[in-house]
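Worksheet: one structure, shown below.
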Amino acid sequence: RGLVYSAGYGRGGRPTFFLGVLERCEDFDDYTILISGEELARDLAVAPAMSQGNTIFVRRDSIRRMLFETMEAWHWRDSPQDALARALDAYGYRDGDEGALERMTDGEIEAAVWHEVGEVMAGRLLGPQWEQTVMEVAGSRQEWVARAVRDHLADCLITLPALLESGPAGALHFYFANLTGLRRELFPQLTQAYQRWVDDASSKPLQRLVAPAREHWLRLAQRLLDEPADRWPVGDDALATLRPAL
């Protein structure tokens, strides 16, 4: 019927779904990537992409809306020389430039696919016990830490290597513009390496960071699986123990 439907459990263990117009279907290795356009129905949560098994769902309409709202909010900020400003500049964005918005959407779709491929690979490494554990701690501080750890693992497996090798500069800047909250707190070396890239125009600090960080996040995720969730060091004063020593 030319439509794509997806449903599952999102953050906090809450059900999530969407129904959209199928824009295109791609096969990559043993993954199926479904990219949707206009959305006909959805819940309030707007995840730009998600994976289920070996199927990856990417929502162009949601990504475009998110980018538009981000740009609108950026106009009211007092920090013009941040990662978001660099991303907009790299894409050649100007007020009211629909072409730049579409270029950004295309770049973020590509980055979203890379992240979800990384999620699939991370899921294979961690096994079904990981999803069971996350559902058991849904809505807690442990869930947020677990998701941040897995996000970093997925990004070090695929997203960052792909962005550094062939991604548009704007997509890499957007990645760091969205590196907030616990993900930023758990991996300060990543932000520092990004700043060196900005200052020196050299991606080597980022490239050197990816492989050892990937091993750290995998070991940490496996360690969390081996420990009762109520013993995880998730308090503000204990987060430093989860950071990579690189």
Side-chain angles (χ1 to χ4, degrees), residues 23-24 26 33 35-39 46-50 56 58-119 148 151-152 154-211 213 246:
E23 194 170 271
R24 67 181 189 269
E26 302 175 357
I33 302 169
I35 300 177
S36 65
E38 178 188 2
E39 295 188 358
V46 187
M50 61 201 78
I56 293 171
V58 182
R59 303 164 64 178
R60 181 183 187 88
D61 197 36
S62 292
I63 290 175
R64 191 180 189 279
R65 184 185 304 113
M66 176 190 69
L67 290 171
F68 179 80
E69 292 173 354
T70 297
M71 290 185 294
E72 287 288 294
W74 175 77
H75 286 296
W76 298 98
R77 294 170 59 182
D78 296 326
S79 52
Q81 275 310 113
D82 57 6
L84 179 56
R86 297 184 193 104
L88 297 177
D89 186 62
Y91 279 117
Y93 172 73
R94 300 293 180 271
D95 288 347
D97 184 353
E98 288 292 320
L101 179 57
E102 294 307 318
R103 289 193 298 274
M104 284 186 279
T105 302
D106 290 338
E108 290 309 293
I109 285 175
E110 190 174 4
V113 169
W114 286 330
H115 177 76
E116 292 305 320
V117 171
E119 287 280 1
D151 274 346
H152 279 314
D155 287 341
C156 288
L157 284 166
I158 295 293
T159 318
L160 284 169
L163 287 174
L164 289 166
E165 180 179 349
S166 59
L172 189 56
H173 287 303
F174 259 121
Y175 176 89
F176 285 96
N178 292 321
L179 186 65
T180 57
L182 268 176
R183 290 172 61 234
R184 184 184 181 97
E185 179 69 20
L186 288 178
F187 201 176
Q189 298 98 324
L190 192 57
T191 304
Q192 294 162 8
Y194 165 71
Q195 191 58 51
R196 288 197 290 273
W197 176 58
V198 170
D199 295 338
D200 305 331
S202 172
S203 61
K204 289 183 179 179
L206 281 167
Q207 292 170 336
R208 287 195 296 264
L209 193 62
V210 171
L246 305 174

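Positions are given from 1 along the sequence.
Counting heavy atoms from C-beta outward, Val113 and Glu26 have side chains that stay 4.5 Å or more apart. At a threshold of 4.5 Å between non-hydrogen side-chain atoms, the residues Tyr175 and Leu190 count as touching. Met104 has its side chain within reach of Leu88: a pair of non-hydrogen atoms, C-beta onward, lies under 4.5 Å apart. You'll find the side chain of Val117 stays beyond 4.5 Å of the side chain of Thr159, heavy atoms only.
Scored by the side chain to side chain contact (heavy atoms under 4.5 Å, CB included) test, Asp61 finds Glu39, Arg65 as partners (sequence neighbours excluded). Residues satisfying the ring pair (Phe, Tyr, Trp, His ring centres under 6.0 Å) test with Phe174, not counting sequence neighbours, are none. For Arg184, there are no salt bridge (Lys or Arg N to Asp or Glu O under 4.0 Å) partners two or more places apart in sequence or in a different chain. With sequence neighbours excluded, the residues satisfying side chain to side chain contact (heavy atoms under 4.5 Å, CB included) with Arg196 are Gln192, Ala193, Asp200, Pro205. Applying the ring pair (Phe, Tyr, Trp, His ring centres under 6.0 Å) test to His173 and every residue at least two apart in sequence or in another chain returns Tyr194, Trp197. A search for side chain to side chain contact (heavy atoms under 4.5 Å, CB included) contacts involving Met50 returns Ser6, Phe18, Ala47, Phe57, Arg59, not counting sequence neighbours.
Rounding to the nearest 0.5 Å gives a distance of 11.5 Å between CD1 of Ile33 and CD1 of Ile109. The CH2 atom of Trp114 sits 13.0 Å away from atom CD1 of Ile56, with the distance rounded to the nearest 0.5 Å. In this structure, Glu108 CD and Ser62 OG are separated by 13.5 Å, a value rounded to the nearest 0.5 Å. The distance from the CD1 atom of Ile35 to the CD atom of Glu23 is 7.0 Å, given to the nearest 0.5 Å. Taking CG from Leu209 and CG from Leu160, the interatomic distance works out to 8.5 Å, rounded to the nearest 0.5 Å.
Counting all heavy atoms, side chain and backbone alike, Ala171 lies closest to Gly107 at CB-O, 4.3 Å. Residues Gly118 and Leu157 come closest through the heavy atom pair O-CD1, 4.0 Å. Heavy atoms only, all atoms of each residue included: Gly92 and Ala100 are closest at O-CB, 4.0 Å. Considering every non-hydrogen atom in both Ala148 and Arg183, the closest pair reads CB-CG, 3.9 Å. Here the closest non-hydrogen pair linking Ala90 and Ala169 is CB-C, 4.3 Å. Nearest heavy atoms, Phe176 versus Ala83: C-CB, 4.1 Å.
No donor-acceptor pair closer than 3.5 Å links the side chain of Arg64 to the backbone N or O of Thr105.
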Could you check Leu164 against Val210 for side chain to side chain contact (heavy atoms under 4.5 Å, CB included), going step by step and ending with a plain yes or no?
CA-CA 10 Å; Leu164 289 166; Val210 171; 4.3 Å; yes
Begin with the C-alpha distance, continue with both residues' side-chain angles, and end with the deciding distance and a verdict on side chain to side chain contact (heavy atoms under 4.5 Å, CB included) for Phe187 and Leu179.
CA-CA 10 Å; Phe187 201 176; Leu179 186 65; 6.0 Å; no
List the steps and the verdict of side chain to side chain contact (heavy atoms under 4.5 Å, CB included) for Arg86 and Val198.
CA-CA 9 Å; Arg86 297 184 193 104; Val198 170; 3.5 Å; yes
Check the pair Ile158 / His115 against side chain to side chain contact (heavy atoms under 4.5 Å, CB included), numbers first and verdict last.
CA-CA 7 Å; Ile158 295 293; His115 177 76; over 6 Å; no
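A salt bridge links Glu102 with Arg60; the closest basic N to acidic carboxylate O contact falls under 4.0 Å.
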